[in-house]
Protein chains: 2
Amino acid sequence: MSTVNSTPSDAPSRDAAARAVPDRDVSAYGQVRAMIASGELAAGAWLRETTLADRIGVSRTPIREALNRLAAEGLVDLSRNKGAQVVDFSTEDVAGLYDVRSGFEPHAVRLSVPHLTDDDVAELASLSVRMEAVVANGGDMDGLSALNAAFHGIFIERCGNRHVATALQAVMRPAVVAHTFRKYSEAALRRSMQHHAELVAAADARDGEWAEAVMRTHILAARNAAGDAPSPR
Amino acid sequence: MSTVNSTPSDAPSRDAAARAVPDRDVSAYGQVRAMIASGELAAGAWLRETTLADRIGVSRTPIREALNRLAAEGLVDLSRNKGAQVVDFSTEDVAGLYDVRSGFEPHAVRLSVPHLTDDDVAELASLSVRMEAVVANGGDMDGLSALNAAFHGIFIERCGNRHVATALQAVMRPAVVAHTFRKYSEAALRRSMQHHAELVAAADARDGEWAEAVMRTHILAARNAAGDAPSPR
DNA sequence: GCATGTGAAGTTGTATGCAATGTCTTGACG
DNA sequence: CGTCAAGACATTGCATACAACTTCACATGC
């Protein structure tokens, strides 16, 4: 980070969820988001405030705040006086997101690599290893999504401009609920993990151009693996 | 648009503010945002919930929703148990946003032009004329920002992918509060208005490539006019 | 004089009650 | 039998009250 909020004490609430791997976020927002990410709340499902409030064990007020924030982030659709429902990602939506990411994220990576601390690289490496472990165990694709979001989030947060970071987060977030990893083939998963490892290597070498190239490869491969042909431009 | 929300009846509340020119948005969100855009609430100023509630004439509840949304959009900073303050855009922040926009918005424009209806083009033309009128009268730069946001918003909303639109809106929004037009020279303002007129012409001709080129020119010129040298890459 | 602890004031976080709006069922009428 | 209207139900929007936390001032001890 650059300008504001460098002390750990006054971390804004949204950083707590955006940062690294959310070790079970206890906030209403975090819980609702986790339900969406896990598929417990399916696409198109209505989110009733009282239902969620009862399930999470708080009143409607924090639930409403969570829904508003999720709506601002594009994870739920709000209709006035009718309620919120989980967004439904069409194939075109997902393809569009990959288009945007392929244009921006490599750039962000090149900007961020020079700013990475040794700790950042260590965390990237850790996340990469943990993701490989999940894949090796044939495990939990949604957990993998969370780790993946944390991995990519590190680059985005360190890109040197907080507003650019915010905008890029807006592009990244929907990926959490799109369940793209579930569509991956075994080979595509393995390739994706290799890209992560190579990104760690490039980051460790502080080679922004290398990292940028790998990231572009990574995203274009992902667009294919998610089951979408390259969109005509 | 593709999947959800094609009927006009159930338009989500945030569309009301994002759409076209907000003819004085009466929602708490709209009012607070207008205060920020007008400079009535300066950068760095603390936003006290009770103060805003009294001034706008509602209770704290809708104020809190507004602040949460503005925080998600990156227009205010939230600190838990401390409150919200208007973001302070550094020169680097603005430059970074122009970098991002120069990368994406031309692309979005090329995608959107084929989708534009005659009504869309007419509205673009109307906005362009109104902006020229403001400049000719030497008038209100913040009003100009609003018109400009509406102008660019039309292209973004019609780009064919709602999530791409959301992401680009995230990049655009800060421009409203950065008061960039105030820094423009007379010549830069005039040039900017010419770009708008040419964008209308390209849109009217449904020539996406032309529009894309003009938009790239427009943004790069704006980056300069806002007082920033091209950022080193 | 400086650091530290304690208290009060102010502000945000949450819960709850009520009004307004939307939806669905049920009944009557053509 | 189909259509429409009216009312009951469910849900959201807003206001208010209280609890928790932060911050600032002031006094106290070193």
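Throughout, a chain's letter reflects where its sequence line sits, starting with A, and its residues are numbered from 1.
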Euclidean distance, atom [atom1] of residue [X] to atom [atom2] of [N] [Å, nearest integer]:
X: B/Gln31; N: D/dC14; atom1: CD; atom2: P; result: 13 Å
X: B/Ile63; N: C/dT12; atom1: CD1; atom2: C1'; result: 14 Å
X: B/Ile56; N: D/dA15; atom1: CD1; atom2: P; result: 11 Å
X: B/Gln85; N: C/dT11; atom1: CD; atom2: P; result: 15 Å
X: A/Glu49; N: C/dT14; atom1: CD; atom2: C1'; result: 14 Å
X: B/Glu65; N: D/dA15; atom1: CD; atom2: P; result: 11 Å
X: B/Leu52; N: C/dT12; atom1: CG; atom2: C1'; result: 13 Å

Requested in this report: Could you tell me whether A/Leu67 contacts a base, only the sugar-phosphate backbone, or nothing, with contacts defined as non-hydrogen atoms closer than 4.0 Å?
Outcome: nothing
Query raised in the report: Which part of the nucleic acid, if any, lies within contact of A/Leu47, taking any heavy atom under 4.0 Å across all strands shown: a base, the sugar-phosphate backbone alone, or nothing?
Result: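 It contacts sugar-phosphate atoms only.
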If we only count heavy atoms from C-beta on, is the [X] to [Y] side-chain gap below 4.5 Å?
X: B/Met141; Y: B/His179; value: no
X: A/Phe151; Y: A/Val200; value: yes
X: B/Leu52; Y: B/Gln31; value: no
X: A/Val76; Y: A/Val32; value: no
X: B/Ile154; Y: B/Leu127; value: yes

Query raised in the report: Of the non-hydrogen atoms in B/Asp88 and B/Asp93, which two are nearest, and what is the gap between them?
Result: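 Smallest interatomic distance, heavy atoms only, reads O-OD2, 3.7 Å.
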Query raised in the report: Got a sec, which residues hit ring pair (Phe, Tyr, Trp, His ring centres under 6.0 Å) with B/Phe89, two or more places apart in sequence or on another chain?
Result: A/His163
Query raised in the report: Mapping A/Val58 and B/Gly83 to their closest nucleotides on DNA chain C, which lands nearer the 5' end?
Result: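 By nearest-heavy-atom nucleotide position, the 5'-most residue is B/Gly83.
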Query raised in the report: Would you call B/Glu65 and B/Arg69 a salt bridge, using N to O less than 4.0 angstrom?
Result: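 No, no charged N to carboxylate O under 4.0 Å.
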Query raised in the report: Among C/dT23, D/dT11, C/dT16, which nucleotide sits nearest the side chain of A/Arg48?
Result: D/dT11
Report summary line: Which of D/dA15, D/dT12, D/dT23 is nearest the side chain of A/Arg64? It is D/dT12
Query - N or O in side chain of B/Thr61 less than 4.0 angstrom from D/dC14 OP1/OP2 - result: no
**Report entry** Under-4.0 Å side-chain N/O to phosphate OP1/OP2 contact, B/Lys82 with D/dC21
**Finding:** no
Query raised in the report: Given B/Leu124 and B/Leu116, is the side chain to side chain contact (heavy atoms under 4.5 Å, CB included) satisfied, shown in steps?
Result: CA-CA 10 Å; B/Leu124 287 169; B/Leu116 293 176; 4.1 Å; yes
Mind listing the N/O atom pairs, protein and nucleotides 18-21 of chain C, below 3.5 Å?
| from | atom 1 | to | atom 2 | distance (Å) |
| --- | --- | --- | --- | --- |
| C/dT21 | O3' | A/Asn81 | ND2 | 3.4 |

Enumerate all atom pairs, one protein N or O and one N or O from nucleotides 5-9 of chain C, separated by less than 3.5 Å.
none

